[in-house]
Enquirer: 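This is the structure I want to talk about, given as structure tokens.
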Amino acid sequence: MVELAQVVVDVPTMQTNRPYTYQVPVLLEQQLQVGTRVVVPFGNGHRQVQGFVVGFTDGTDYQGKLKPIQAVMDLQPVVNRELLELSKWLADQTYSFWIACLYTMLPNLLKGKAHRIVRVVDELAEQDYYDLFAGRDFRDYADFENQPEAIARLLKLKRAGKVRFDYQVENRAKAKTITGIRPRLDFEALEDARTSLHPNAHAQNRLLSYLQSIIGRTVVQKQAEQQTGISAATINQGVKKGWLEKVPVEVYRTPQADDRLPDDHHLEAPLQLNADQQRAVDAIGAQVHSRQATTFLLQGVTGSGKTEVYLQAIAQALAEGRTALMLVPEISLTPQIVNRFRRRFGSQVAVLHSGLANGEQYDEWRRIERGEAKVVVGARSAVFAPLKQLGLIILDEEHESSYKQDEAPRYHAREVAKWRGRYHGAPVVLGSATPSLESRARALKGRYQFLRLPHRVNRQPLPPIQVVDMRPEIKRRGESNFSLPLLTALNDRLSRGEQSILMLNRRGFSSFMMCRDCGTVLKCPNCDISLTLHMDTRTMKCHYCGHEEPIPQVCPHCHSRHIRYYGTGTEKVQAELEQLLPQARIIRMDVDTTRRKGMHEKLLRQFGDHQADVLLGTQMIAKGLDFPNVTLVGVLNADTGLGLPDFRASERTFDLLSQVSGRAGRADKAGQVIIQTFNPDHYAIQDAQHHDYDRFFYQEMSLRRQASYPPYYYTVRLMASHPEEQEAARAMAEIKTLLEQRLAPQTIVLGPTPRAIARMKRRYYYQIVIKYKQDPALHKTLQEIMQKTQSRGFKDVQVSIDPDPQYFM
DNA sequence: AGCACGCCGACT
DNA sequence: GTCGGCGTGCTC
């Protein structure tokens, strides 16, 4: 009985979203395993694609002739049984392609690159040969991109049988190697060589005795040269004479390890815990020990020592011979936490996030896969780290929306973590100072085990928060981003040599160009949204599609010269601040100043070294920063997020304000927080002012209950887009009819409505929001919709389904 | 996705 | 008549 392989191919469409059956050539039988990548022929012609072996079978219903697998790309499976199962579950839960889920779990380099090669197979006309192939007999098809005439000529030649298209899947995953040297002779033979040397050949003599000292070992050539002073030239001579050979040595591309970190023999000792921390560590440790997949909610105020609880719980998992996963929202923003883990656990720590270079990402992944790294610190996608024997999973700042991926597959790391916890019998700890309403509600219901750290470790009170009503300020002093109290406080810090952080809440706000005569706002030609002014590049940019154009001198509509920019951008605030406080040194941090790799860390280091007095930035500065010299935190516009049409607007505002407040007075100096707002009476702002999470929680819960929103209801968002607005609307109307036929009567279907940004990238968007408590028909119906929208009735309609969406705009 | 097949209008 | 446009269906 011949075994056949089931392969999921890299063709992300609904029609091909299932395994295909292939023959296994005898030569490949040994290497082929479930979870290895393969190259398979697919479709007509000579097309080949990458695929994953997901199983073996001995028969198939398929009537046609089975094709053989062409090549095996991996010596070892790249997806183990757990992750294969997880990928299947993920595809089902998020209504996405299995192949897309597999790639999401793996480092980028494991996505093969498909090359189309155009090969000359028959005599060509002189002109064609010269123009298209420049004297060679093959070219990469990609070279002809953006040359439609050339492509047309190639297709013609193909039809005439003069050229052929070949396919090649390139395996981009390669280990980095450096040169090592290894003796080829034994001690006596090297000794013989030495005695027959010319007496003047001192260098070679030294080389030979060095080789004698490293018999049976391989040494990195660079190291050998440094240690012994022997030159590369001498080593090359030795190779020629057959004394030694050069061999490639595999090395890991390790991401920015801080050189001040200790080696594994001088690791930092655990800190003394207070009673609350100890109780938390004990509770988690007990579940690690008994392998219970309990979910904990660890709610601790800023500065309550959550991280130390994590570290000690992880140490327990390691002591039990298990591994641990630590997730943080945006790791590139928190280098401090990575360093803290490295100081405690040394080289057992691997770091995994999308900011790494592909090579680094791949190498960290392999260290984990091989069991060399036992603790993984990483962002969202690190939840798929191939750790075996997982003993503990931690999600810090569990309320952060960045744990939800906002493109397909739209998974939430929290749910994946719980799945893996169940698989391994590992507890999951959700940590936050301001838990999501969903998590806190589950903790109260007993679905999660609730742990609290109500006290700060240093026993310092939380900093006082002053709320400044901007309405009278504006009346008194005119348009300004700075109220008098804030300005006074800034001046005060400046004279005392202390530092300040200023945050501009830019959500839903940016600087746009408007004509003062006719009111025309400069808009993106592809999207239904105004263009944003970027002074650094002196262009107008669309934040949605990337469209860019020069800053207009006159209004494109009425040709008036009175075209100005409005809105509050960080640049504009910086300019105003420079005028008000000319002596202050300011560092601005936003998407523009941190675009370049490493700029983030650089700016933060500069601020930490007190090379500036004020750090001015957007949301990105709110998280995890810990600068002892910062005693003032100002929020310039606390409420720009409140007006958004999103039921989580208040929650986000409360989280953000609580978060930034924690940045002031972390060490022995007392801190102060000033929040400027036009809504001083809003409960989100008031409760943040009084550090009162509970009050906010109950208030917000009652609103959610009234409006039937999470955590009382679950939500799903469906989106459809089409280049023609009516087509998008029509498709959605049809989907709505289907939903109403199938779903339970208690389920609420809202819409279809045009999205807040109705047009993006030349497509019109409509959405439907489903709210439900329990609906046995929902899952099947949504799958049916994904199928149905492939048919001709939905030509050019793109439909996406977002379970538990984080944003509704 | 990428390709072949097949139907239709526009051209040497 | 044939060339090439695009809509349709299939890929183990």
Side-chain angles (χ1 to χ4, degrees), chain A residues 1-25 28-29 32 34 36-73 91 96-104 111-119 121 139-145 148-170 407-409 722-724 727 731 786-800:
Chain A
M1 177 173 48
V2 193
E3 278 223 300
L4 304 170
Q6 309 221 266
V7 177
V8 173
V9 293
D10 184 4
V11 182
T13 68
M14 214 60 213
Q15 294 95 336
T16 52
N17 187 27
R18 61 188 179 81
Y20 285 82
T21 313
Y22 283 88
Q23 286 174 41
V24 180
L28 301 182
E29 257 172 28
L32 202 63
V34 168
T36 46
R37 293 176 304 149
V38 289
V39 179
V40 291
F42 195 72
N44 315 331
H46 303 266
R47 186 175 179 207
Q48 42 171 260
V49 297
Q50 181 174 305
F52 289 82
V53 178
V54 297
F56 293 104
T57 173
D58 46 21
T60 167
D61 294 341
Y62 184 62
Q63 296 301 305
K65 186 163 163 43
L66 296 181
K67 292 179 180 174
I69 287 176
Q70 206 129 76
V72 183
M73 298 176 76
S96 33
F97 307 128
W98 195 352
I99 187 74
C101 294
L102 285 163
Y103 282 136
T104 301
K111 182 163 170 69
K113 201 174 169 199
H115 288 280
R116 254 192 298 183
I117 310 291
V118 195
R119 209 176 285 283
V121 289
R139 288 282 301 273
D140 197 318
Y141 187 78
D143 295 347
F144 299 105
E145 200 125 35
E149 337 76 51
I151 289 175
R153 277 165 80 184
L154 286 173
L155 291 175
K156 206 163 187 173
L157 291 170
K158 178 169 177 258
R159 252 174 272 129
K162 303 273 194 189
V163 302
R164 192 180 71 203
F165 285 12
D166 276 352
Y167 293 84
Q168 240 170 277
V169 175
E170 183 197 349
E407 58 188 54
H722 193 279
E724 305 286 335
E727 285 303 298
M786 286 310 274
Q787 280 300 335
K788 197 185 171 83
T789 52
Q790 297 309 116
S791 64
R792 56 222 145 291
F794 288 83
K795 201 173 129 35
D796 295 334
V797 180
Q798 278 172 16
V799 175
S800 69

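Naming convention: chains lettered A, B, ... in sequence-line order (proteins, then strands); numbering from 1 in each chain. Hydrogens, waters and symmetry mates play no part in the numbers below; they use all other heavy atoms, side chains included.
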Enquirer: Which part of the nucleic acid, if any, lies within contact of A/P19, taking any heavy atom under 4.0 Å across all strands shown: a base, the sugar-phosphate backbone alone, or nothing?
Expert: nothing
Enquirer: Find which nucleotide of DNA chain B each of A/F42 and A/K158 is nearest to by heavy atoms, and output the residue with the more 5' nucleotide.
Expert: A/F42
Enquirer: Does A/Y62 reach a base, just sugar-phosphate, or nothing at all? Heavy atoms under 4.0 Å.
Expert: base
Enquirer: What is the distance from CZ of A/R47 to C1' of B/dA4, rounded to the nearest Å?
Expert: 13 Å
Enquirer: Is it true that a side-chain atom of A/N17 and a backbone atom of A/W98 form a donor plus acceptor pair closer than 3.5 Å?
Expert: yes
Enquirer: Here's one to test your reading of the geometry: is the NZ or CZ of A/K788 within 45 degrees of the ring axis of A/F794 and under 6.0 Å from its centre?
Expert: no
Enquirer: Mark yes or no for whether A/Q63, through its side chain, and A/D61, through its backbone, hold a donor-acceptor pair below 3.5 Å.
Expert: yes
Enquirer: Using chain A heavy atoms and a threshold of under 4.0 Å, write down where along DNA chain C the contacts begin and end, 5' to 3'.
Expert: C/dG4 to C/dC12
Enquirer: With a 6.0 Å cut-off (strictly less than), is the heavy-atom count around CD of A/E170, excluding the residue itself, greater than 12?
Expert: yes
Enquirer: Mind running a 4.0 Å heavy-atom check of residues 7-18 of chain A against DNA chain C and sending the residues that fall below it, in number order?
Expert: A/Q15, A/T16, A/R18
Enquirer: Output every pair passing salt bridge (charged side-chain N to carboxylate O under 4.0 Å, His left out) with a member in residues 37-52 of chain A, not counting sequence neighbours, ordered by first then second residue.
Expert: A/R37-A/D74
Enquirer: Assess the side chains of A/D140 and A/H115: does a donor N or O sit below 3.5 Å from an acceptor N or O?
Expert: yes
Enquirer: Taking side chain to side chain contact (heavy atoms under 4.5 Å, CB included) as the definition, give me every residue that meets it alongside A/T13, ordered by chain and number, with sequence neighbours left out.
Expert: A/V11, A/Q15, A/T16
Enquirer: Taking side chain to side chain donor-acceptor pair (under 3.5 Å) as the test, write out the residues that go with A/Q790, two or more places apart.
Expert: none
Enquirer: Mark yes when over 12 heavy atoms from residues, nucleotides or ligands other than A/K67 sit less than 6.0 Å from its NZ; otherwise mark no.
Expert: yes
Enquirer: Given the side-chain rings of A/Y22 and A/F42, with only the six-membered ring counted for Trp, is the space between their centroids under 6.0 Å?
Expert: no
Enquirer: Could you run down the sub-3.5 Å N/O contacts of the protein with nucleotides 10-12 of chain B?
Expert:
none

